[in-house]
Amino acid sequence: MSDNIVTLKKPISAHGDEVKTLTFREPNGDDVMTCGYPLQMHGDGSVVPIAGVVGKYISRLANIPASSVKALCLTDFQACMAVVLPFFTGAEESNPDPANGD
């Protein structure tokens, strides 16, 4: 679960409180139906994140208002994006789990 926690370089305000860390839950079907897919695939095979959609996921998965996401500094937004995108790329599944003998 620690992979789903981002310690912010610059704290933000969310729900009237100062927030220094964000904890992300795994997205579900409702999240995808509401927010859409956060990646755009191009004909040349490249995949580009869609910042507005990623921002919606940051808000939903970390349970903070959209205004708080907008207040994130770029470094923190990118750190949050690095937590969100692997849910959609399968990158988290490719990491072996030593506890399971992988």
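Quick note: numbers below take in every heavy atom, side chains included, and nothing from hydrogens, waters or symmetry partners.
- Under a hydrophobic clustering in which Ile, Leu, Val, Met, Phe, Trp and Tyr are joined whenever their side-chain heavy atoms come within less than 4.5 Å, directly or via other members, F87 and M41 fall into the same cluster.
- Of the inter-residue distances, the one linking L61 atom CG with C80 atom SG reads 10.0 Å to the nearest 0.5 angstrom.
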Return a table of donor-acceptor pairs under 3.5 angstrom between the side chains of residues 27-35 and protein atoms on other chains or two or more places apart.
from: N28; atom 1: OD1; to: D30; atom 2: N; distance (Å): 3.0
from: N28; atom 1: OD1; to: D31; atom 2: N; distance (Å): 2.9
from: D30; atom 1: OD2; to: R60; atom 2: NH2; distance (Å): 3.0
from: D31; atom 1: OD1; to: R25; atom 2: NH2; distance (Å): 3.0
from: D31; atom 1: OD1; to: R60; atom 2: NE; distance (Å): 2.8
from: D31; atom 1: OD1; to: R60; atom 2: NH2; distance (Å): 2.9
from: D31; atom 1: OD2; to: R25; atom 2: NH1; distance (Å): 2.7
from: D31; atom 1: OD2; to: R25; atom 2: NH2; distance (Å): 3.2
from: D31; atom 1: OD2; to: N28; atom 2: N; distance (Å): 2.9
from: T34; atom 1: OG1; to: D30; atom 2: O; distance (Å): 2.9

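- When every heavy atom of M81 is checked against every heavy atom of P86, the shortest pair comes out as O-CD, 4.2 Å.
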> How far apart are the C-alpha atoms of Y57 and F88, what are their side-chain angles, what is the distance that settles it, and do they pass the ring-ring contact (aromatic ring centres under 6.0 Å, His included) test?
Replying inline: CA-CA 11 Å; Y57 278 104; F88 297 92; 5.0 Å; yes
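- The shortest heavy-atom contact between I50 and Y37 is CD1-O, 3.7 Å.
- Although no hydrogens or angles enter the test, the distance criterion places no donor-acceptor pair under 3.5 Å between the side chain of T21 and the main chain of V6.
- When the side chains of ILVMFWY residues are joined at heavy-atom separations under 4.5 Å, either directly or via intervening members, V53 and L74 end up in two distinct hydrophobic clusters.
- Between the CG atom of N63 and the CZ atom of F24 there is a distance of 11.0 Å, given to the nearest 0.5 Å.
- Between H42 and V47 the shortest side-chain heavy-atom distance does not fall below 4.5 Å.
- Rounded to the nearest 0.5 Å, atoms CG (L22) and CD1 (I12) are 5.0 Å apart.
- Atom-to-atom distance recorded for I58:CD1 and S68:OG is 11.5 Å, nearest 0.5 angstrom.
- Inter-residue side-chain proximity for V48 and L39 is flagged as unmet; no heavy-atom pair is nearer than 4.5 Å.
- You'll find the side chain of L85 reaches within 4.5 Å of the side chain of P49, heavy atoms only.
- Judged by distance alone, the side chain of D76 and the main-chain N or O of K9 form a donor-acceptor pair under 3.5 Å.
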